[in-house]
Amino acid sequence: MFSGWNFMAHGLYLFLNFCSIEVSGALVQSCGHIIPESPVLALGSNFTALCILNESCLDFGNIYANQIIWKIKNRMVPKEQYREINRTVSSVTFNDTSSLATPLTCNILADGQMEQNIYGITVTLGLPPEKPKNLSCIVYQVSKLIYPMTCTWDPGRHTFLDTQFRLKYRWPREDFPDCIPKDANSSCTITDVQFFVNLEVWVEAANALGKAESDRLIFDPIEIVKPLSPHNLSINSGILPSVLKLSWENRISAAAMKLKFNIRYRIIGETDWMQIPPEDTASPRTSFSVQSLRPYTEYVFSIRCMKEDGVGYWSDWSEDKTGMTTEDKPSKGPPLWRIIDASHSPVFWTVHLIWKALQPPETNGIILQYEVTVRARPPLSRLPEKYSVNSTCLTLKLPNGTYEVTVVAHNRAGMSPSSVLLIPARNSEAPVKNIKTLAKDGKLWVVWTAPNSSVLRYIVEWCLVSNSSDCVTEWQSEPENVQGTHLKGDIKPFKCYLITVYPLYADGQGSGQSVKAYLQQDRPSKGPTVQTKKVGKAEAVLMWNHLPVDEQNGFIRSYTIFYKTVDGNETAVSVDPSKTEYTLSSLASDTLYTVRMMAYTDEGGRSGPDFTFTTQKFGEGEIEAIVVPVCLAFLLIVLLGVLVCFNKRDLIKKHIWPNVPDPSKSNIAQWSPQVPAKHNFSSKEQMYPEGSFTDVSVVKIEADDKKSFSEQDLKPFDLLKKEKGTSEGHSSGIGGSSCMSSPRQSVSDSDEGEATQNTSSTVQYSTVVLNGYRDQTPAVQVFSRSESTQPLLDSEERVEDPAGGHGGSMPRLQYFRQNCGQDETTTDRLRFERAKQVVSPASEEDLVGFAQLQISGQNSQLLALGLEINPEEAALAEVLQASTEGLCTVRPETVEENPAAVNEMPKSYLPQTVRQGGYMPQ
Amino acid sequence: CRSNVYEQTRKQVALLNATAQDLFSLYLKCQGEPFSSETDKLCSPNGFFFPDFHENRTSEKEVMVAMYKLFAFLNASLGNITRDQEELNPTAKELLDRLHNTTKTTQGLISNLTCLLCKNYNIFQVDVRYGPNSKGKRAFKKKQQGCQVLRKYVQVISHAARIL
């Protein structure tokens, strides 16, 4: 109960106590305080603070030192650091002030564990100043009489405290006010210093924790001067074109400081400075003559100074000042070259003399004109010709020969040394070898191997190869000791240049060696446009044009053809770049292909447009191989049909319009052999006019037994048998419808053989039967005759005559023409023999011709048989040869050549026997 | 004192000698007429105190003492002249700069001479006489007094330069 009241009373007291402080301020004392009050402590040091309670508080609040609690901010300091000095004083100790923070408070733990603050202090932590280091001073000349001095130093570590730096300086017997830095703590400027008095300078740094001084410097300020640069620099041209005189003013008294100088200069427009040797300007001066300058060249000069003995600092460089040297004679002649155009005339050259305009420094002034002298060398004899030219080219038309051309350049100061070019009649000297190109450092280099002979210099020609413009030649001259140079011109990347190197000798020049080159390659601008030249079933011939050189952008190393079907994989084929055609093979027929082409340089390739084509369904010749045989087969069939029809025309004719014998014209009584006079041969001649008869009679003389032929062998001759008349024994009798009544055919038939010949429908026929019918031997020759022009009835024609079908198998068939009228005077036997005679002297070729002529349309097999000559018949012909002298030849041409003989005879062949006196009755 | 003090002293005197004539000419120019045209008449040193400085002095010590007296006098006089010109010709910047510079040079020279006298000759005290103070005088008198001092200064400093 007591403690409760005591607690309440204590709390009330403290409340009133703090309230009284808050309300009445200094009028009410607090219960304690801390010493030291707001200390400044060095970081890392130890520190002890005391909290002292007022005695008055002890009586009212029962507050004692053992109840004090120390706090840093809101963190309680461990009680191990406390120490109760007496009942009113408690101390706290920190071995390292780094753990300290603000505020440090002294608190009391009253009854009821209520914590009340008694007092608090602010603790400032920091470091004492370090000794300033690296003190250095420099005197800057700002005018002719004012020399402020600026000293800088290293202030050292950060102290976390307000630290004052002071620059102190003094003469031996006189102190000056400190220089206090304004905006920095590492430098200070003394407004004016005096030369030739030793000055002692140091820096003092001070803060709440201490003071530090730098090392002291003692120096004469004249030793640390950075003077102002010389001014009013002027440049005057000297007497010589290579000299300029510089003059200037120094801004420091020579009495105060003797100066030395640096002079630098450069050609205007260039960036690199040249400098006068320092030893030439190491003494005080206000002028200097710069020598060995280029004539007629504008220079920029600048100058600086420092103390003569080198102690101190160089001034800044003065402002640039320009000056120009005067003109001098050009130092060298212009590089000279020529372009010869010999295409117009074989006798004259058009020589384009070209030379480079001299460039500084060679010009040494303004080139006013060039003087060109052309001297012809023997054998030409021409006086030297001089030309004054304002440009850099001269075109002359000269006779072919060797010339020496000289060019000099003139300016106001004089003329240059001469440039000489020998133009030989022909470039016969040794050329350079191994010419190569390479690109390096953005330049296109050409290198070569020098010829063995002594070269005066080289000419390097080049031009841009382009489709859109002519090759404009540029050139440059190179001395004899180089074997490579870069092209000194506007060399563009991705452009093709044709470079030619000529060696020039004292007595001529070598032929040019050329090479093409690129400064930089790129992919082609576009790819080749490919198209088909020919498309087959399994192959396609592609063609393209080479890319224009403007679009190549480099050397075309290869082409690649890509082709594919619509749904197939793409196939690539590499093609030599020199080709413009390529044949794709193994293609599928009747298939759509897409093809494109890429051109590659060293830097890559670019594809051209796609091109599509479709392979053919049939290969070359396949259609022809099908169509032609079919057509031939058709044609053959047609021909066979025609032949058959032709051969069967009589048969067909019989079926269509058969010949009906005209009985009214039949004269069977007159037909009797006893009245042969009835035959009016003249009427026959009228009936068969001359020339209308073209048929031949076939006389078959064969003694073979026709029984030796089988029926089968005879079948092929059935048709023939139908068309021919047979033996007289088979005459149809009255009505004239005998087997010989066919109006167009004359057939000689026998058992031994037969022969058939077609005649016109109006030809009468006769048959001479030598053998007897069916092995019967006739007593006399039998002639059958019919004057009817009507075809026989089929039934009448079909005479069973086995002998008629033996023609094809007969060993020999002999032919003769019946229009040989002389033969008709002989007997049939003789006629037969004469036939042998006619045939025998003729060659086989003659016979072929003869046979072809006579029996066109006859079966060739039949003809071949007719060409064979029986030896017996040949022998017989030999016998008959003498008696047939003077008779017409059987050769068709002979017939034609003997028209008189023909004319003497009626143009009727049948019946031959009419002129022999009529028929002999059987 | 460092070993180079004597050389420094010589250079200081040479420097003053090199600039004395220009200073005097500029001073006359800035004072206007009649000082420009009547220099000899107006700036005559007759009746005007100036420390003696004779070339026939034999010992270096005497020379140093005499120089000390001379430059002590000059320093004070230049101070007065500078003050007067700041009042009379405040816009004559070059003149003021030259006066300041010369004054400070003489001040440095005195420091060096003090050092030399103390170190080399153990002289710690030298009796010095100064010229009349121009403060409160009329402008013409101020100008005239300055002209008299500077004219004499030009003459004496050349002697001193030859001796050192």
Side-chain angles (χ1 to χ4, degrees), chain A residues 137 139-149 168-177 179 189-202 215-225 227-228 231 249-259 284 286 307-312, chain B residues 1-23 26 67-68 71-72 75 78 82 92-120 123-126 157-158 160-162 164:
Chain A
C137 299
V139 175
Y140 293 100
Q141 183 187 11
V142 295
S143 70
K144 200 166 185 176
L145 301 175
I146 299 176
Y147 300 88
M149 183 178 74
K168 294 179 172 293
Y169 61 104
R170 60 188 293 268
W171 285 345
R173 298 284 177 175
E174 186 174 354
D175 292 335
F176 296 103
C179 177
T189 298
I190 300 169
T191 56
D192 198 8
V193 293
Q194 288 299 307
F195 297 144
F196 310 122
V197 183
N198 292 324
L199 189 66
E200 185 178 7
V201 179
W202 70 99
D215 294 334
R216 299 193 177 205
L217 300 177
I218 300 175
F219 55 84
D220 185 345
I222 198 69
E223 298 171 350
I224 55 172
V225 173
L228 287 172
H231 71 147
E249 294 179 12
N250 297 316
R251 286 188 279 187
I252 189 168
S253 169
M257 180 188 292
K258 290 184 178 178
L259 298 173
T286 56
K307 194 164 177 280
E308 184 182 20
D309 56 8
V311 178
Chain B
C1 286
R2 301 179 71 181
S3 59
N4 63 343
V5 173
Y6 184 84
E7 181 63 22
Q8 288 176 330
T9 301
R10 193 183 63 80
K11 290 182 177 178
Q12 285 173 321
V13 172
L15 179 60
L16 290 174
N17 184 40
T19 58
Q21 183 60 51
D22 290 342
L23 175 62
L26 184 59
M67 288 185 66
Y68 184 88
F71 288 108
N75 182 254
L78 287 170
T82 302
K93 186 173 182 306
E94 186 178 358
L95 175 62
L96 295 177
D97 286 343
R98 285 182 176 274
L99 288 171
H100 277 295
N101 203 52
T102 304
T103 304
K104 293 189 70 172
T105 301
T106 57
Q107 189 178 357
L109 184 55
I110 292 168
S111 176
N112 284 340
L113 289 172
T114 305
C115 185
L116 285 173
L117 290 172
C118 292
K119 179 183 176 183
N120 295 343
I123 298 174
F124 302 100
Q125 184 175 354
V126 176
I157 197 66
S158 62
R162 284 196 297 270
L164 292 179

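Only this structure's heavy atoms are used, side chains among them; waters, hydrogens and symmetry mates stay out. Naming: A, B, ... by sequence-line order, numbering from 1 per chain.
For A/Y147, no part lies near chain B; criterion is any non-hydrogen pair under 4.5 Å. Contact annotation for B/N4: only side-chain heavy atoms (C-beta onward) come within less than 4.5 Å of a heavy atom of chain A. With a threshold of 4.5 angstrom between heavy atoms, A/I222 does not approach chain B through any atom at all.
Within the model, atoms CD1 of A/I146 and CG of B/D97 stand 4.5 Å from one another, a figure rounded to the nearest 0.5 Å. Here the CG atom belonging to A/N198 is positioned 8.0 Å from the SG atom belonging to B/C115, to the nearest 0.5 angstrom. Taken to the nearest 0.5 Å, the OG atom of A/S143 stands 9.5 Å off from the CD atom of B/E94.
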Considering only distance and modelled atom types, tabulate donor-acceptor pairs under 3.5 Å from the side chains of residues 105-112 of chain B, sequence neighbours left out.
residue	atom	partner	partner atom	Å
B/T105	OG1	A/Q194	OE1	3.1
B/T105	OG1	B/N101	O	2.7
B/T106	OG1	B/N75	ND2	3.0
B/T106	OG1	B/T102	O	3.2
B/T106	OG1	B/T103	O	2.5
B/Q107	NE2	A/E174	OE1	3.3
B/Q107	NE2	A/E174	OE2	2.4
B/N112	ND2	A/F196	O	2.7
B/N112	ND2	B/Q12	OE1	2.7

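Heavy-atom contacts from other residues, nucleotides or ligands closer than 6.0 Å to CD of A/E249 number more than 12. Summarising the local packing, NZ of A/K258 is surrounded by 12 or fewer heavy atoms from other residues, nucleotides or ligands at distances under 6.0 Å.
The backbone N or O of A/L145 sits nowhere less than 3.5 Å from a side-chain atom of B/R98 that would complete a donor-acceptor pair.
Among residues at least two apart or in separate chains, salt bridge (Lys or Arg N to Asp or Glu O under 4.0 Å) pairs with a member in residues 101-117 of chain B are A/D192-B/K104.
Heavy atoms only, all atoms of each residue included: B/R2 and A/I218 are closest at NH1-O, 2.8 Å.
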